[in-house]
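Notes for the one structure printed next.
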Amino acid sequence: MAGNFIHDEIEADLAAGHAQTVHTRFPPEPNGYLHIGHAKSICLNFGTAKKYQGLCNLRFDDTNPAKEEQEFMDAIKADVRWLGFDWQDRLFFASDYFEQIYQYAVELIKAGKAYVCELNADQMREHRGSIGQPATSPWRDRPIEESLDLFARMRAGEFADGQYTLRAKIDLASPNFVMRDPVIYRIQHGEHNRTGNDWCIYPMYDFAHPISDSLEGITHSICTMEFEIHRPLYDWVIANTSCPTKSRQIEFARLNLTHTVMSKRFLRRLVEEGHVRGWDDPRMPTLSGLRRRGYTPEAIRDFCERIGVAKAESMVDSALLEHCLREDLNTQADRVMCVLRPLKVVITNYPEDGREMLPIENNPEKPERGKRLLPFGREIYIEQDDFMEEPPKKFFRLKPGGEVRLKAAYIIKCEEVIKDEAGNIVELHCTYDPETISGGPSTKKVKATIHWVNAKECKTVEVRLYDYLFTADNPYDCPEGADFIDNLNPNSLEVLPDAKIEPIYVMPNERFQFLRHGYFCVDPDTENDHMVFNRIVSLKSSFKA
RNA sequence: UGGGGUAUGGCCAAGCGGUAAGGCACUGGUUUCUGGCACCAGCAUUCCUAGGUUCGAAUCCUAGUACCCCAGCCA
């Protein structure tokens, strides 16, 4: 893994003896699906641990039973594994530490460093103070014994939600609001998906996280920039409790990608309002969406490597992700010919019942992938776009009287354009030159080689072409009164129900390069007699009309 | 308006006082039975601005400017 400022810090810590090993963690809250932004964090945490021969834990930060679900935990584990990372036997849950966290809270109360407050949420807001104006709490000087008793009764379930909180006694006048006696425990009745009804009080993130890190022996707690102002509190908790080890929090900037949104809240809206077909819609930046689309874990890891890690807010161009994908798939994916929008071509000088099997390479980047045989015949389909009746000068595919090579077959010449009454081109009559068989002695050159399929021996398949979900680079950039939803790309999905593919057998999730089009993946909607392909990413093209 | 953070080409990003890495994008060209891939070449006299220190500054100092985050009993 390439270095970054976090690694510089880690190396300094190692050199100074502040840490002997490197132990990180990836701590998702199981309240949603992972997206490519999480992939950055996963690669950073697991990658950093590996770089320094350390370990990385997977820990669910499940301290808010109202939001968290088993479904998300299962999906998160599957996504992390799919991305290629292994937490071995180190799957942890903040909820495993509830009893210990509780005891640390008691310890704080006994030391006069925490107290039970009776302000409700609204009152606490009113007492929060403002810039230059300290917060207040009438309960700050409650006797230790009284807080201890109240806290025990909070745990025992004697009170209603919100009636009491436990607050750390730090500094009501701090310019950093996080330090103005933050709530560290709240009452929340309702079932927790792992601890059931064992608890009705739950620790806040700011209290549970440093303690969880410490209990697991985490040396470097890597998180995103918005937690930077929480770091004094993170350090305070470790310094003011007897928790076993000291961990250091280091923050980095989260990933933003052009043409998409990354916040869980907005992704949820896309799903719930039906703008996409689910969390795993191939247009979604979720790992499950990218997986279904056909993205490879290798490409995603490579992308996370290339974007770097820094503290400045940034928005990475989606073109980089696409580049990583093309680079990976170029060597991985076998080539196949598929005509997306078919145009029938009759080769008039080819025998009526003629048929021959022509060899074609599977992957020019990998000769060891060998060749396969393609059926050729008198009637074929070519791409509608590969013929133009009145082409611009730079167009060098098929035109009236013009010639092109059919990949792995012959050079054909367009003799006649057949149209219907409405003037639409319905068919082409061409002739072929038998001397120009691919691999043969002919030295005849033409400007273009196009793909084709045999009309008699091809399969009709459904192809789904995906484009950016949002037209704007930054979907949040919208006129006043508008919403990011208004930036949705109306053409983010185009379904082609009548594509023609050469006769092949496919495996679920298998990826191909459709020659001259792009990379495609078998979608799970595929059934025996109905194949569905997703376009993962198109090929680059330097053709300019 | 208090606190915290960040500013290097269109987009990321190295750089840590010795004279601006790399990738993506883009632009030319070579090659090609994929207008793909590969290959070659080009792409910041300048690092948010203005002063200062120094033989020498993107790097140090001073003063500004812009943007992001913070007043949940979310994480």
Side-chain angles (χ1 to χ4, degrees), chain A residues 2-5 8 27-29 31 61-64 66-68 117 119-122 124-125 127-133 135 161-167 174-180 182-188 201-202 204-206 208-209 223-232 251 253 255 258 264 303 305-324 326-327 330-331 335 337 360-361 364-365 394-397 404-409 411 436 438-439 445-451 473 513-518 538-544:
Chain A
N4 56 55
F5 80 96
D8 294 344
E29 183 188 16
N31 70 342
D61 220 331
D62 56 346
T63 57
N64 186 350
K67 292 188 170 183
E68 296 146 9
C117 183
L119 257 23
N120 65 33
D122 289 337
M124 202 174 292
R125 197 170 308 119
H127 287 251
R128 181 93 45 200
S130 57
I131 290 165
Q133 202 166 35
D161 287 4
Q163 197 177 342
Y164 292 99
T165 58
L166 182 69
R167 292 229 251 168
S174 174
N176 180 352
F177 284 81
V178 171
M179 300 296 273
R180 313 252 268 214
V183 170
I184 57 174
Y185 258 95
R186 78 287 208 181
I187 299 171
Q188 203 164 306
I201 58 173
Y202 293 92
M204 300 290 288
Y205 166 86
D206 280 322
H209 205 83
C223 63
T224 43
M225 290 301 292
E226 66 269 28
F227 291 102
E228 192 157 34
I229 54 163
H230 293 247
R231 193 169 66 224
E251 311 83 12
L255 169 68
T258 57
K264 281 181 191 171
F303 170 74
E305 182 68 32
R306 293 196 199 208
I307 55 178
V309 178
K311 298 183 78 163
E313 187 183 70
S314 65
M315 174 160 309
V316 176
D317 194 335
S318 296
L320 179 58
L321 216 206
E322 295 174 356
H323 168 82
C324 294
R326 291 190 185 104
E327 190 170 272
N330 181 43
T331 54
R335 274 58 169 170
M337 294 209 280
I360 184 171
E361 65 214 332
E365 303 292 326
K394 293 287 262 303
F395 181 87
F396 41 85
R397 281 107 90 179
V404 283
R405 170 172 289 285
L406 297 176
K407 174 75 180 176
I411 291 176
T436 58
S438 286
K445 295 276 180 210
V446 285
K447 287 283 275 181
T449 299
I450 64 173
H451 61 281
D473 271 14
Q513 182 193 109
F514 286 1
L515 214 67
R516 303 207 305 130
H517 281 303
S538 68
L539 247 30
K540 285 180 61 168
S541 169
S542 56
F543 174 65
K544 286 162 198 77

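It should be emphasised that the depicted structure is a prediction, and the values quoted were computed from it without experimental measurement. No hydrogens, no waters, no symmetry mates; every other heavy atom, side chains included, goes into these values. Within every chain, numbering begins at 1; the chains are lettered A, B, ... in the order of the sequence lines, protein sequences first and strands thereafter.
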Sugar-phosphate only, base, or nothing, as touched by A/Val316 at under 4.0 Å among non-hydrogen atoms
sugar-phosphate
Which part of the nucleic acid, if any, lies within reach of A/Asn64 when heavy atoms closer than 4.0 Å are counted: base, sugar-phosphate only, or nothing?
sugar-phosphate
Checking all strands, does A/Asn4 fall into the base, sugar-phosphate, or nothing category for heavy-atom contacts under 4.0 angstrom?
nothing
Both distances under 3.5 Å, Watson-Crick or G-U wobble: on that basis, could you give the dot-bracket string for RNA chain B, with [ ] for crossing pairs and | for other-strand partners?
.(((((((.[[[..)..(...]]].(((((.......))))).....[[[[[..)....]]]]])))))).....
Want to settle it: does A/Met124 or A/Ser314 sit nearer the 5' end of RNA chain B, counting the closest nucleotide to each?
A/Ser314
Scan A/Leu119 against the nucleic acid and name what it touches under 4.0 Å (heavy atoms): base, sugar-phosphate only, or nothing.
base
Consider the side chain of A/Ala310, meaning its heavy atoms from C-beta on, and name the nucleotide among B/G36, B/A13, B/C16 that approaches it most closely.
B/A13
Identify whether any heavy atom of A/Phe396 sits under 4.0 Å from a base atom; if not, whether one sits that close to sugar-phosphate; answer base, sugar-phosphate or nothing.
base
Side-chain atoms of A/Lys311 come closest, of B/G36, B/C74, B/G5, to B/G5
Measuring from the side chain of A/Arg128 (C-beta onward, heavy atoms only), which nucleotide among B/G3, B/A71, B/G2 has the closest atom?
B/A71
Look at the side chain of A/Glu29 and decide which nucleotide, out of B/A75, B/U34, B/G4, has an atom nearest to it.
B/A75
A/Arg516 side chain near B/G35 phosphate (N/O to OP1/OP2, under 4.0 Å):
yes
Starting from the 5' end of RNA chain B, give me the residue, A/Lys67 or A/Phe514, whose nearest nucleotide shows up first.
A/Phe514
For A/Lys394, report the nucleic acid contact type (base, sugar-phosphate, nothing); a contact means any heavy atom under 4.0 Å.
base
Tell me which nucleotide among B/G5, B/U34, B/C37 gets nearest to the side chain of A/Gln513.
B/U34
Under 4.0 Å, counting only non-hydrogen atoms across every strand here, what does A/Val309 touch: a base, just sugar-phosphate, or nothing?
sugar-phosphate
For A/Ala408, answer base if it contacts any base atom (sugar-phosphate contacts may also be present), sugar-phosphate if it contacts only those atoms, and nothing otherwise; contact means non-hydrogen atoms under 4.0 Å.
base
Per-nucleotide protein contact string for nucleotides 20-27 of chain B, where B marks a base within reach and S marks sugar-phosphate only (heavy atoms under 4.0 Å, - for neither):
---SSSSS
Could you tell me whether A/Asn120 contacts a base, only the sugar-phosphate backbone, or nothing, with contacts defined as non-hydrogen atoms closer than 4.0 Å?
base
To the nearest 0.5 Å, how far apart are CG in A/Leu119 and CZ in A/Arg125?
11.0 Å
Please evaluate the base of B/A75 for a donor-acceptor partner in the side chain of A/His230 within a cut-off of under 3.5 Å?
yes
For B/G36, take OP1 and OP2 only and decide whether either is under 4.0 Å from a side-chain N or O of A/Ser541.
no
Out of B/U6, B/C74, B/A71, minimum distance to the side chain of A/Ser130 belongs to B/A71
May I ask you to decide if A/Gly518's main-chain N or O and A/Ser538's side chain share a donor-acceptor pair within less than 3.5 Å?
no
Which one, B/C73, B/G2, B/G3, comes nearest to the side chain of A/Phe177?
B/G2
Is there a donor on the side chain of A/Glu226 or the base of B/G4 sitting less than 3.5 Å from an acceptor on the other?
no
Hey, what's the ring geometry for A/Phe227 with A/Tyr205, parallel, tilted or perpendicular (30° and 60° as the breaks)?
tilted
Can you figure out which of B/G35, B/A75, B/G36 approaches the side chain of A/Arg186 most closely?
B/A75
Apply salt bridge (Lys or Arg N to Asp or Glu O under 4.0 Å) to residues A/Glu251 and A/Arg231 and explain how you reach the verdict.
CA-CA 9 Å; A/Glu251 311 83 12; A/Arg231 193 169 66 224; 2.7 Å; yes
Kindly point out which of B/A75, B/C12, B/U1 is positioned nearest to the side chain of A/Met315?
B/C12
Scan A/Ile229 against the nucleic acid and name what it touches under 4.0 Å (heavy atoms): base, sugar-phosphate only, or nothing.
base
Contact check, side chains of A/Leu255 and A/Ile307, non-hydrogen atoms, under 4.5 Å
yes
Please tell me which of the listed nucleotides, B/C73, B/A13, B/U34, lies nearest to the side chain of A/Pro364?
B/U34
For B/G56, measure the glycosidic angle (O4'-C1'-N9-C4 for a purine, O4'-C1'-N1-C2 for a pyrimidine) and name it syn if it falls within 90° of 0, otherwise anti.
anti
So, OP1 or OP2 of B/G72: does either fall under 4.0 Å of a side-chain N or O from A/Arg125?
yes
